[in-house]
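What follows is one structure encoded as structure tokens, with my remarks underneath.
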Amino acid sequence: PKPKRQFGCGQVVGLMLVTAILSAGAMFWWAKRYLYAKELAPVALSTQEEQVLERKLTRLEEAAIGNVPKAPAEGQVLETADQDPDAEAYSEEDAVREIELSERELNALIAKNDPDTAKRFAVDLSKDLVSLKVIVPVDENAPFMGGKTIRIKAGLGVGYEEGQASLVLKGISLGGIPLPSAWLGNLKGKDFIEEFGEGGGFWKQFSDGIEYLEVQDGRLKVKLKE
């Protein structure tokens, strides 16, 4: 029989060096990605996309304050000394109660309202899941990670079945490492509406006001009840 091949000292040392280099590279990549996370690039819509979003927001605004008064007929006086041109009679007739927003539109709204927040916060939409990415600067006096910028991710399952909306915490990861449920108050896998909505309050009212809720790849659809 042929003698078994054995590793020599040089081969062992070489293997140790390769392992050390790979480990160092992995640690460097992890630290650069999660401990020295760069700011996010705010979403900027094109002119056409901006116009589409503005039309959606205008429809929502009109639904919130009632329909915009119809244009006066030919020969009809628009206003008199006794009329306020800014006053409008409230009406919910033909009001728009449904809106559909894309992932880009949501992130563009964040950037429009607060550009600084958009550099540290982003939303991702996938099938029945809303994922949040947050870049958090740590105070310099904090232990271990003081002065660093860490990346936090969270997942929220979103659904609507049998007339009931559901918001389930899928998990939160810190630096790419999922946190245990005990550290999250044992809320991992729990439905916020079912958990906190029994006694009324915000979550109960939120669910009762929704007629339809769906999250698709890159899109969010919401329809409100009357």
Side-chain angles (χ1 to χ4, degrees), residues 34 37 40 42-43 53 56-57 59-61 63-65 92 95-114 116-139 142-143 145 149-226:
Y34 294 108
L40 304 175
V43 174
L53 178 58
K56 292 181 180 180
L57 297 178
R59 287 168 53 198
L60 277 183
E61 183 179 356
I65 64 175
E92 291 190 358
V96 179
R97 302 183 185 277
E98 182 176 0
I99 184 171
E100 178 178 342
L101 294 174
S102 69
E103 180 182 301
R104 281 177 54 80
E105 289 172 335
L106 283 175
N107 287 304
L109 280 175
I110 297 173
K112 185 176 182 179
N113 294 329
D114 192 340
D116 290 335
T117 299
K119 295 178 181 179
R120 297 189 292 268
F121 185 87
V123 180
D124 177 87
L125 301 177
S126 55
K127 179 63 175 176
D128 300 329
L129 179 68
V130 176
S131 300
L132 307 176
K133 182 190 298 181
V134 187
I135 306 298
V136 181
V138 181
D139 188 270
M145 293 186 292
T149 305
I150 60 175
R151 185 188 298 263
I152 298 176
K153 289 185 177 181
L156 189 66
V158 179
Y160 190 87
E161 294 182 0
E162 299 179 357
Q164 179 75 29
S166 63
L167 300 174
V168 180
L169 179 63
K170 296 295 185 180
I172 298 177
S173 65
L174 176 63
I177 302 174
L179 299 180
S181 181
W183 291 11
L184 304 176
N186 292 318
L187 291 177
K188 189 174 181 179
K190 298 290 184 66
D191 184 349
F192 286 170
I193 296 177
E194 182 177 336
E195 193 78 11
F196 304 109
E198 294 182 356
F202 169 78
W203 292 108
K204 176 64 174 175
Q205 295 175 358
F206 172 81
S207 178
D208 290 346
I210 292 179
E211 183 174 330
Y212 180 75
L213 175 64
E214 182 182 10
V215 178
Q216 301 175 343
D217 290 336
R219 307 201 75 80
L220 169 67
K221 292 182 179 181
V222 181
K223 185 175 182 180
L224 306 180
K225 293 182 180 178
E226 295 185 5

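Taking Ser173 as the reference, Lys153 meet the side-chain contact (heavy atoms from CB on, under 4.5 Å) condition, with sequence neighbours excluded. The side-chain contact (heavy atoms from CB on, under 4.5 Å) check on Lys119 picks up Glu39, Pro42, Asp116, with sequence neighbours excluded. With sequence neighbours excluded, the residues that form a salt bridge (charged side-chain N to carboxylate O under 4.0 Å, His left out) with Arg104 are Glu49. Residues satisfying the salt bridge (charged side-chain N to carboxylate O under 4.0 Å, His left out) test with Glu103, not counting sequence neighbours, are none.
Put simply, the side chain of Ile150 reaches to within 4.5 Å of the side chain of Leu174, judged on heavy atoms. The shortest side-chain heavy-atom distance between Ser131 and Lys170 does not fall under the 4.5 Å cut-off. In this structure, Leu156 and Val168 have side chains that are not in contact, with every pair of non-hydrogen atoms separated by 4.5 Å or more. Considering only heavy atoms from C-beta on, Leu125 comes within 4.5 Å of Val130 through its side chain. Residues Val43 and Ile110 have side chains not in contact (no heavy-atom distance under 4.5 Å, counting atoms from C-beta outward).
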Below 3.5 Å, can you tabulate the donor-acceptor pairs from side chains in residues 207-219 to any protein atom, sequence neighbours excluded?
| residue | atom | partner | partner atom | Å |
| --- | --- | --- | --- | --- |
| Ser207 | OG | Gln164 | NE2 | 3.1 |
| Tyr212 | OH | Glu214 | OE1 | 2.2 |
| Glu214 | OE2 | Gln216 | NE2 | 3.0 |
| Asp217 | OD1 | Lys127 | N | 3.0 |
| Arg219 | NE | Glu100 | OE2 | 2.4 |

With a cut-off of 3.5 Å and sequence neighbours excluded, list every side-chain donor-acceptor pair involving residues 177-192.
| residue | atom | partner | partner atom | Å |
| --- | --- | --- | --- | --- |
| Lys190 | NZ | Asn186 | O | 3.3 |
| Asp191 | OD1 | Leu167 | N | 3.1 |
| Asp191 | OD1 | Ile193 | N | 3.0 |

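Asp128 places no side-chain N or O within 3.5 Å of a backbone atom of Gly157 that could act as its donor or acceptor partner.
Atom CG of residue Leu129 and atom CG of residue Asp124 lie 7.5 Å apart, to the nearest 0.5 angstrom. In this structure, the separation between CG on Leu169 and CD on Glu195 is 11.0 Å, given to the nearest 0.5 Å.
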Derivation and outcome, side chain to side chain contact (heavy atoms under 4.5 Å, CB included), residues Leu53 and Leu101: CA-CA 8 Å; Leu53 178 58; Leu101 294 174; 3.9 Å; yes
